[in-house]
Q: 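I have a structure I would like to understand better, so I am pasting it below and will then ask my questions one at a time.
Everything numeric in this text was worked out from a predicted model, so none of it was measured. When reading the values below, keep in mind they use all heavy atoms of this one structure, side chains included, and skip hydrogens, waters and symmetry mates. Letters go in sequence order (proteins before strands), and every chain restarts at 1.
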Amino acid sequence: MAASPKARRSRVARASGPASPERDLPLGLTPAQCRHLYRQMVQIRRFEEHAAEAYAQAKVGGFLHLYIGEEAVAVGALAAGREDDHLLGHYRDHGYALARGCDPKSCMAELFGREDGLCHGRGGSMHLAQASRNFWGGYAIVGSHIPIGAGMAYAMQYQQRDQIVFDFFGDGATGNGIFHEGLNMAALWNLPIIFICENNLYGMGATLAEESPVSEMRIKAEGYTMPAVQCDGMDVLSVYEAVRQAAEHCRSGKGPFFVEALTYRFRGHSMADPELYRDKAEVQRWRTLDPIPRFGDFCVEHRVCSRKELAQINEEVEQEMLEAVAFADQSPWPDPGEVDRWIYAKPIDPEAAFAAKEEGALPVPEAEPEPKRAGV
Amino acid sequence: MAASPKARRSRVARASGPASPERDLPLGLTPAQCRHLYRQMVQIRRFEEHAAEAYAQAKVGGFLHLYIGEEAVAVGALAAGREDDHLLGHYRDHGYALARGCDPKSCMAELFGREDGLCHGRGGSMHLAQASRNFWGGYAIVGSHIPIGAGMAYAMQYQQRDQIVFDFFGDGATGNGIFHEGLNMAALWNLPIIFICENNLYGMGATLAEESPVSEMRIKAEGYTMPAVQCDGMDVLSVYEAVRQAAEHCRSGKGPFFVEALTYRFRGHSMADPELYRDKAEVQRWRTLDPIPRFGDFCVEHRVCSRKELAQINEEVEQEMLEAVAFADQSPWPDPGEVDRWIYAKPIDPEAAFAAKEEGALPVPEAEPEPKRAGV
Amino acid sequence: MLFRSPRPSRSRSGRASEVAVVSYRDAVRTALRDEMLRDQRVILMGESITGYGGSYAVTKGLLDEFGPKRVMETPIAEAGIVGFAVGAAMGGLLPVAELMTVNFALLALDQIVNSAAKFHYMFGGQWSVPLVVRTVSGFGQLGPTHSQTFEGWFASVPGLKVVMPATPADARGLLLSAIRDPDPVIFIEHSLLYSTKGEVAESEGGDGGEIPIGVAKVVRPGADVSLVAYSRMLLQALQAAEVLERDDGISCEVIDLRTLRPVDYPTVVDSVRRTHQVVLCGEDWRSGGFGAGLLSEIQDRCFDDLDGPIQRVAMRDVPMAYSRQLEKALVPTSEQVVEAVRRLN
Amino acid sequence: MLFRSPRPSRSRSGRASEVAVVSYRDAVRTALRDEMLRDQRVILMGESITGYGGSYAVTKGLLDEFGPKRVMETPIAEAGIVGFAVGAAMGGLLPVAELMTVNFALLALDQIVNSAAKFHYMFGGQWSVPLVVRTVSGFGQLGPTHSQTFEGWFASVPGLKVVMPATPADARGLLLSAIRDPDPVIFIEHSLLYSTKGEVAESEGGDGGEIPIGVAKVVRPGADVSLVAYSRMLLQALQAAEVLERDDGISCEVIDLRTLRPVDYPTVVDSVRRTHQVVLCGEDWRSGGFGAGLLSEIQDRCFDDLDGPIQRVAMRDVPMAYSRQLEKALVPTSEQVVEAVRRLN
Ligand SMILES: Cc1ncc(C[n+]2csc(CCOP(=O)(O)OP(=O)(O)O)c2C)c(N)n1
Ligand SMILES: Cc1ncc(C[n+]2csc(CCOP(=O)(O)OP(=O)(O)O)c2C)c(N)n1
Ligand SMILES: [Mg+2]
Ligand SMILES: [Mg+2]
């Protein structure tokens, strides 16, 4: 039912562009950049493999959605933007966090529900976020962050800032009305936002054909007069190229852009998924397109680094992730006495106000340190 | 900002097709049919003019949305279907009711909030409905009846019935996510439903350009691989032709069809509308395209009837509407003692059940006459 | 007319029911299956209910048995799903729409409140909407957006019937009633109950087996305090009742409401008039949760019968946190039921 | 940084406020306008709020004054509007999103509950969502889908602040507070109050003028019964108090809650401890309406102070009918408040 990897890839324009002078690298990339891309993909992979292990040991609870197989999308896309561009994604969010440079320690601690987690254990795996890096979080109501991203883009436009918004979501999200409401607004107001649709052929157990009468998600953007391209989500350079084009478009004030990355998750939808709805053989076929060895081969072929150097990166990352797990293991639990902190940024205390009123003083609301917002 | 009537009409394929042998009528229409179309448009016009008067006299309360100017859409569209096809529309619904053949008396009584109203005064102007004519109502949450129509179409398909669904809504509804969810499902399951979008250039006070990045609503359907045509909503024959094609398509099992009728409301959005957002001159321009005199001229030119006969129809309709108002005026108010009737089709009485339990008898739920549903 | 209802063939109604011990999950599944066998108008629709088998594996196997026309995989479009199901019901079918969890039901709330609940009334009784919306509440480190439960909201809407079974037997019997009911029924299961087991009378293909909507059940008779609960909190209340009997010699009457709209007040009031003390046990937020409505009505009907304030056990008013330690501090427990009773005594 | 907050130029803060008699509608409009003058980060968005001037004419003229970047006409997309406003707030703006009526807010409930109310908590306090959602409740032959009011639902959600002003002065002062508040505030106006008038202290461009969220007001002191009301029901309660004073010699203390989350319980409890009798006045459905939550908390805090059951005046549990005669039979009135007090005395 699902298109074979081969058939789908043939629709994708292969990464091309001017070769870099040294070593023949495309897209003006430097070897250091290539090594960085490779390292980030390995980071995500190893982070999640450790997370899966921790889940099996009941150190991670609730939902755990792995990005394994799709690493090229977050890594390629974010490399094409700036570090201060705004980033939102869905619950399958470890890749966004790590590609944005969040510390794996704080990410892992969040999965473990610990105080040192990015969100102090309040959010968990689905809700990683780090405002200081303009990573505004993983969102778990499918599609809900699509208009939210558009709103952030509006705030940038309004304040004449040149940051743009990266908004990642899945093929399944396009069946929800909120996707359309968000795209419509982005198009109406010409907002600087890249919609990045990770088309991995499934929305949980639903196949693409069950979700959508069209198999190409980019078609859904075209109704909003939005430029839309597909790229090979198993090839970090293809993603990089497509999103670089999108980012230029957005940053120059030309409005929103839609990028569809054709990709595949190698693991189940979440750890609870028995994967009854797809063939093992299909998974195997896609595994042959694994973006990590594929880009590793590219690096070796283009003399970015040797196999040994790749292995060394792998080893460094493995160390880093072992440390992340150890850190998370040792991080304290959040204090249950603080469970009602952060309900409000400006808490209200009617008892105090009443007491003050009794004493004749008017209740003056306390000025609190203003919580961080992007534009300020 | 809004396109001029002329510019818009030029995009519309004019009604054509094989001429009828006698009197050169297009689309195989008979003179009797033409007179019927004319009469129905006049009925809607005069019904609403009387309703507006009654509103000014505070006999009609709440919201009153007039269809005046758009009569050709409901009349042309419903003439292209069968009487047992299913019909749903939005709150601007007097046209649907009358074009489906509902008695103006019961319609007017509903507007007056009387017991003899189609819905016994419970619904009011926005919620006319007559299940016995498969008119399933006017709906007032914008777009909400779009998936509902799709669901009815599914019920027809499932039961292998050959009725199709007519689902009317406005341009404004296409900005709501529910529109997309409904179209997506209709396309996915190849359902027999005609989506009829009355593009009247405004969604309440919002202009088309404020609501949508594309000015042609049919474009929004194309993303669902649904055939979509535009027609001249000020020309009953153009609508008839487009919807006849759509109905054939749907009835033969080829799936959903989208018809965009380019039209204009001559009156405000509702009676409360001060119409600050549009030019009087624009309204005047559109009034020159009034579908009633226009089709009257057509009838005379094609020797369907004489001017005198047209005047006679007008006179008959006027009589009918005076009777409708008199009927509504004399209809009794609903009994306030019955205000809690129809909350449930099968009411539950815990007191009775408890009493029965106390006496040792098991509470057996009463079998009630099953309420009407379309498929049964 | 294409179908008759109920389809008479294959019916074994009238036959004495067999009793089996089954899980809550299986009780729901077999109720769906039996009703689909009995009446061709019954269809299922929802997200990941076919190939995946349902996110809690409730609909596993039903696609294979009934095919995609009757077990429909839908897009992730909660409002559309309920709207579509309303239309299918108006068109003559008996749809059972699954919303994966009650959290996502917020997206469909307009269709539930303004369509399903309203049409019978607003169109003057011309037709009704025989729809079942099945959904699930529950928690377990699911985080802030996936741990909520909104039964109080549904239960405040005229036109809806709201059911929350606690046991496999009630899950079956009430689901049969819900599907056969001409009105829209919100049927809320509980993720932490799916693997619990209990005796269920099976009556495949038959007409019987219904447990009536709107009838509460005194699950454990008692003399001193009335514990009013539903869904998972019934188990907490029963546990508390044992502890209180054993350690405090307090005799608790435990009532399983089963239906939240309409509430079987006669059964509740009858109990309160005997015990003079009440603890209401729910899992939604304390401020304005379902228990608040219950409390309001009980104090109105039983003011002079009450020896002390009606107690409530409910979710703490916090958005919910992911971390295990924090979650523990928020969710209602049987210990809290015990404490509430002790506060009264 | 492009903007400073508050924009200091043009500010006349510190100047003694002038007092004028204005309508509730104008009080809302001028509060919006003044705050937009004071702080460039404030933007408005909503359906038909520009050329049309707002379906209740509240935003009339603001497009002309501030232009389409600050007064944004939106598509008919309630969920999108609130989601967008949440994002704009995260991006540094202070959006005031209008949902044309609270009935349509159901379409946006997910964004209100799972986005606006949750983010500060779920992301561990990293940022907040300084959003105001303005919407309107009310009735008047608007029929079954357009006459509802859901304040009880909003008020049950941790993370939200919920405000329902009854007077022009409170409409102004609370709206200023709401816009300046870093948390999401649901600000519910009432269509039947727009033309009522009252004294309002104007302080254009200044920093003052706030009325604090979370503080109730004793509008009429009294000794015998506490009437707790908000929004339009405040007027009904005041009318009832007059009638009861005149005809029955009963002295009613009337409290305007003003804020529904968090509720100013100290003020309510203080009153109840003096009067020993309470009538709660609301317009949402009796079963599980806002008053139920209020009642639950009051009986908990004041059980021993109460001389009789807490009374409630509320909407009858019916989906609402269009016909004038039927509507009259459903909506709460001052006569019902009088009757409720008489039931207690
Ligand atoms: C509104 C809503 N409905 C349902 C769900 C349950 N759910 C979580 S993920 C998912 C599938 C999403 O698929 P897609 O958008 O393709 O993303 P992918 O998981 O494939 O990356 C579903 C149905 C949800 N979280 N939110
Ligand atoms: C969900 C929802 N939002 C807002 C409204 C208020 N409203 C009623 S009609 C309308 C405009 C609809 O425009 P369109 O669909 O173009 O239909 P038209 O009135 O032009 O025929 C609006 C915004 C509503 N009824 N429902
Ligand atoms: Mg997917
Ligand atoms: Mg329109």
Q: Sort B:Val142 into side chain, backbone, both or neither according to what part of it lies under 4.5 angstrom from a heavy atom of chain D.
A: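 Side chain only.
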Q: Please flag which part of B:Asp335 lies under 4.5 Å from any non-hydrogen atom of chain D: side chain, backbone, both or neither.
A: backbone
Q: Please determine if D:Arg316 forms a cation-pi arrangement with D:Trp285, meaning its NZ or CZ atom is less than 6.0 Å from the six-membered ring centre and no more than 45° off the ring axis.
A: no
Q: Flag the one option from B:Arg122, B:Glu110, B:Glu211 with the top tally of heavy-atom pairs under 4.5 Å to chain D.
A: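 Between B:Arg122, B:Glu110, B:Glu211, the count favours B:Arg122.
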Q: Where does D:Lys60 contact chain B at under 4.5 Å (heavy atoms): side chain, backbone, both or neither?
A: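 For D:Lys60, the contact with chain B is made by the side chain alone.
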Q: Is any side-chain heavy atom of D:Phe139 less than 4.5 Å from a side-chain heavy atom of D:Arg232?
A: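 In contact.
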Q: Would B:Lys105 and B:Asp116 pass as an ion pair if we require N to O under 4.0 Å?
A: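 Result for this pair is no, no salt bridge flagged.
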Q: Just wondering, do B:Ile141 and D:Phe104 contact through their side chains at under 4.5 Å, heavy atoms?
A: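 When only atoms from C-beta onward are counted, B:Ile141 and D:Phe104 do touch, with a gap below 4.5 Å.
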Q: With a 4.5 angstrom heavy-atom cut-off, which part of D:Ala321 approaches chain B: side chain, backbone, both or neither?
A: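 Interface part for D:Ala321: both.
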Q: Less than 4.5 Å apart, any side-chain heavy atom of B:Thr207 and any of D:Glu73?
A: no
Q: Indicate whether any N or O donor in one side chain lies under 3.5 Å from an N or O acceptor in the other, for D:Gln325 and D:Ser323.
A: no
Q: Is a side-chain donor-acceptor pair under 3.5 Å present for B:Glu198 with B:Tyr67?
A: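 Yes, a side-chain donor-acceptor pair sits under 3.5 Å.
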Q: Relative to chain D, which of B:Asp340, B:Leu111, B:Val339 shows the most heavy atom pairs under 4.5 Å?
A: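 Top count of heavy-atom pairs under 4.5 Å with chain D: B:Val339.
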Q: Would you say D:Lys328 has more than 12 foreign heavy atoms packed within less than 6.0 Å of its NZ?
A: no
Q: For B:Met204, is it the side chain, the backbone, both or neither that has a heavy atom under 4.5 Å from a heavy atom of chain D?
A: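 For B:Met204, backbone and side chain are both near chain D.
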Q: Can you say whether D:Leu107 sits under 4.5 Å from chain B via the side chain, the backbone, both, or neither, judging by heavy atoms?
A: side chain
Q: Let me know if D:Thr50 has heavy atoms under 4.5 Å from chain B in its side chain, its backbone, both or neither.
A: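 D:Thr50 touches chain B through side-chain heavy atoms alone.
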Q: Measuring heavy-atom distances to chain B, does D:Ser147 have an atom under 4.5 Å in its side chain, in its backbone, in both, or in neither?
A: neither
Q: Which bit of D:Ile49 comes within less than 4.5 Å of chain B, counting heavy atoms only: side chain, backbone, both or neither?
A: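 Contact with chain B: none, neither part.
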